[in-house]
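Just so it is clear, the model here is predicted, and its values are computed rather than measured.
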Amino acid sequence: MWRRLRAWVRRDAVSDEIRDEMAFHLEMRIEERMQQGWSRPEAERMVRRRFGNVARLHDEGYDVRGGGVLETVAQDVRHCLRQLRRKPAYATATVATLSLGIGLIATLSSVVDAAWLRPLPFVQPDRLVQIEVQFAPHAGEEMVLSPSVLDVLALQASSPVIEAIGSYHAFEERLVFDPGEPERVTVLSATAGYFEAHGAVPVLGRTLSVDDAREGAEPVVVLGFGFWAQRLGADPAVIGKRVLIDNTHVTVVGVAPREFHRTAHAWRPMPAYGARVGRRGGGITVIARVRDGIPLDAAVESLGAAARALPADDSFGPVLGINATPVYGEIIDGTKDALLLVGVGIVLLVILVGVNVSGLVFAEGAARRQELAVRASLGAGRGRLVRQQLTDATVLAMAASALGLVLAALSLDAVLAILPLEFPPHVAPSVDFRTVGMTVLCGVGVAWIVAAGPAWRLSGINLREWIDGRMPDVRRGWFRRPGQFVVFAQMALAVVLLAGGGLLLRSLNQMLQVDLGFEPEALQVLEVAPIDPAPAVWASYYPALVERLQTMPGVVAVGASDWQPMRELQLFAAMGPDEYAPTPIGATPGLLEAIGARVIDGRLLSRADAGAHAAVLSASAARRFLGTEPAVGRTVHLSRRPHTVIGVVADIRSDGPRAAPQDAAYTWLVPHSFFPPSILLRVDGAGPSIAQLREAASSIGPRVIVERLRPGTALLDDNIRTPRQRTALLSLLAALGLALTLVGVAGVSAQAVLRRSREVAVRVAFGATPGQVVRTVTADTLTPALLGLATGLLVAAYAAPVLSRNLFQVAPTDPYTLGGVGVVVVLAATVVAWLPARRAARIDPVTALRE
Amino acid sequence: MAKRGTNSDQLHGTLDMLVLKTLQHGPMHGYAIAVRLEQLSNEVLQVEEGSLYPALYRMEARGALASEWGVTDTGRRARFYKLTKTGRAQLAEETQSWARITAAVQSVLES
């Protein structure tokens, strides 16, 4: 093996050595003859005749001594690259399609790796169980509740099977963090034993202990690794430092290990008593680690016995037992079905890719019959020819793998957002070395499978037969009928997807053109909040900030409100309209001007309305609650208090283009930290920068946290995010489907050319024009394609009502969409089928007939 | 390489054995081996160069021989082959096997 490698590197020297050796032997034999009396020329002739074919001896010697397989593979690779350079169309089509398939494989690999193969970042995760407490069924329903904190302490004390037990609250609070720039961080509440149960050893300091949760204990926090590294610069002296979380000073006591949790920035001790969270059914998650060596069922039984000793509950009665589910098992099961679905989908797509590429490779290889025949005659065995073609396939696969991996890495986040998979926070799919390895292996494997069939077929070539014209019938191949069927099926599927995508696109377009009643384009939303939660601070801050911002250049109008148009999760939506009053919205003067509401009657809020219980109604609210007479000056009841209507504005579709306008009433804003207000600005041109706004916000007085500045169009985007995602996904699938179909059509067309070359030659010899020839050959391919198109359109028209729930002002059988799709596909398929057919017209009849 | 039948396998084996035997007394180059075989067999065995060199290379690939460049007594550059331990073992084995076969053939012919 090493010998071969060395020989390959010094191949010229090896070749020369063999030559020298032969030359020496030859020379000695000649001298022998000359000593017997022959002249030199005669001696040479005799010796050479006896020696035989020196070149063949040299080659045989080189076979034994030389580079062997390694060298031939290297030769093949170089040859393949040269060939590809000469045929860019084939190379591009094959590599692009393969890389699609390989990109999909890479995505699947990273998902599978994250879900199953990569070890969880805990020690022995199969020893972890989640514990819930069981009570007698109530009204026919099972009663299984989360334990209380006291239960957890009792279980830990009484049960010998548990090595460690801890709990955390799954509701992630986001609290403000200080010193330095305030920002919101994700903090989980956890009890002592939480880290130990996961087997996590802190990188610095300690973890939470039981004492931290006692009443009156000093507040502490354990930081997450990522947060500590990024925000605090991985300061090794961080233990003991004090920081502000939500206006409370806490001491840092430890740093969690790397990659322990994907989203949490810090952990605080869960209060043991008093908080609702700590009671039974409060929603905490309890994780226990079973001691080594104890089988899980025995542990569960023991825990059950210990649980029955727990005090009975006031509402639910005595504790009946324990519900213990392996945490590890949950991660798998939860995603298994979804994973299966995704996996099957990807495998189908890969098979499709494989079939198409196989067709291309076959057509390409058949065009190289001559070269293969010559090689065979020069002594290449079947194995050698097959190896050469597999090498070609591997080169393509490598190029495609590189491209596919890049595609996958770039699109992984987007694809995961679209797929119906949810990963627990300790697990994050990514394209790393393992994924790359798996993908390249699969990619090469796919390429070999794809190329093996054609390679075997084509390597059965014999120069003699080729010259005599008795070729093995490679033209028949196994692609004729099945190939056409594949084109038909792919075309139908692609057309259905395209139709669906087209409908969704049109519907999205319609959505964007709806008159919202206000203008999101020039709108900017600034989210800022004072850190001090005192109501007095909040009450005075926002009006002051609004006044300050009004003076800034570029600001046309500005106001504050506890409402944002089209914001998801309106916090006070719970206080929605009832029969007697429209939705009250807090606003400062300037708000309605800022969002661009149109005044129909009366006027908008001004500073003079400060204590006067004034309200501005939307047109439909006025109509509904006050009838058809003018509303200005009349009274309406909001929040159980009478308000005077001072103006009416046009309806605002505050829930986005798809929902009906809401009845709304705008009254004086009372800022409260439960519903943090935002600042809405109407700007002229670019408006003030975030830095300027931040400075203005900080200049009022109290310390503030400036969360973000968003343009109004971003709010609109959020609102139509789901339809947009759906459209994007379907359009992407449709584009992929069309691309694959076109490749398939190209492949089948190329084979048709090969197959009919003899027939075409006869026709040309009898006087057929190139045009006629091309038409005949193209028809072979276009017939299944057009049949597929027609079928696809029919299916689309029939099945489109399925989408009607997602369509907006577009009919499911919209003729423009279906017609457009039809036209585009016909054009594309014709071009793609026609290009290889052009070659048919240039066939030399004599050569073709001889084949 | 062209395929060979079992017949020539036997011829292979015989030639290999003779070459190994020739090299038993010390390293030689290819020409010397051919000449020596002709001498020792009283001109009965004429070695084809077309068979000799492939055999030498084959045995070297299998590890029975080792080769290196050297200088002949006439001052020419040539490649010398010598037996390795594996080669010696192979020689002993093949000699025994050959003796058994010829004895068996002889006893059949004499019966």
Side-chain angles (χ1 to χ4, degrees), chain A residues 1-8 10 13-36 43-44 46-70 72 376-384, chain B residues 1-5 8-9 11-12 15-16 19 22-23 27-40 43 45-82 84 86-87:
Chain A
M1 175 65 201
W2 290 119
R3 195 175 52 86
R4 292 287 198 188
L5 194 57
R6 266 207 322 269
W8 177 45
R10 340 173 9 246
V14 169
S15 184
D16 288 343
E17 278 180 10
I18 297 176
R19 212 184 302 276
D20 288 347
E21 196 173 355
M22 301 293 174
F24 165 74
H25 194 124
L26 214 63
E27 189 58 34
M28 298 302 286
R29 284 285 188 203
I30 290 174
E31 284 184 10
E32 208 183 285
R33 296 281 176 186
M34 280 167 60
Q35 273 167 15
Q36 289 169 0
E44 273 191 36
M46 293 170 70
V47 169
R48 281 196 193 280
R49 201 166 46 222
R50 224 196 100 156
F51 225 81
N53 186 348
V54 181
R56 191 167 70 82
L57 281 181
H58 174 267
D59 277 349
E60 282 187 35
Y62 193 75
D63 272 342
V64 177
R65 270 242 176 91
V69 173
L70 203 56
T72 54
S377 79
L378 283 178
R382 193 156 197 171
R384 176 81 176 80
Chain B
M1 297 220 210
K3 276 208 291 235
R4 294 170 195 201
S8 42
D9 275 350
L11 285 172
H12 267 187
L15 179 57
D16 285 3
V19 166
T22 320
L23 288 175
M28 289 193 210
H29 52 75
Y31 174 66
I33 297 176
V35 163
R36 190 56 173 276
L37 278 173
E38 285 162 18
Q39 282 175 355
L40 287 178
E43 309 287 323
L45 295 178
Q46 302 272 344
V47 183
E48 299 268 342
E49 278 78 0
S51 316
L52 175 62
Y53 278 100
L56 284 171
Y57 294 152
R58 218 181 27 251
M59 282 192 280
E60 184 180 1
R62 278 208 306 265
L65 298 179
S67 72
E68 59 185 8
W69 284 103
V71 181
T72 67
D73 32 350
T74 49
R76 290 231 172 93
R77 210 172 86 107
R79 203 167 177 94
F80 285 78
Y81 293 87
K82 66 173 192 258
T84 61
T86 322

- Task: Let me know if B:S51 has heavy atoms under 4.5 Å from chain A in its side chain, its backbone, both or neither.
- Result: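 When you check distances to chain A, no heavy atom of B:S51 falls under 4.5 Å.
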- Contact origin within B:L52 toward chain A - heavy atom pairs under 4.5 Å: side chain
- Taking it one step at a time, do B:Y31 and A:R29 satisfy side chain to side chain contact (heavy atoms under 4.5 Å, CB included)? CA-CA 8 Å; B:Y31 174 66; A:R29 284 285 188 203; 3.9 Å; yes
- Item | CA sep, side-chain torsions, deciding dist, call: A:E32, B:V35, side chain to side chain contact (heavy atoms under 4.5 Å, CB included) | CA-CA 10 Å; A:E32 208 183 285; B:V35 163; 4.0 Å; yes
- Note on the structure: Taken to the nearest 0.5 Å, the spacing of A:F24 CZ from B:H29 NE2 works out to 3.5 Å
- Query: To the nearest 0.5 Å, what is the distance between CZ (B:R79) and NE2 (A:H25)?
  - Reply: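 Reported to 0.5 Å precision, the distance equals 15.5 Å.
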- Query: Are a donor atom and an acceptor atom from the side chains of B:Y53 and A:E21 found within less than 3.5 Å of each other?
  - Reply: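 No.
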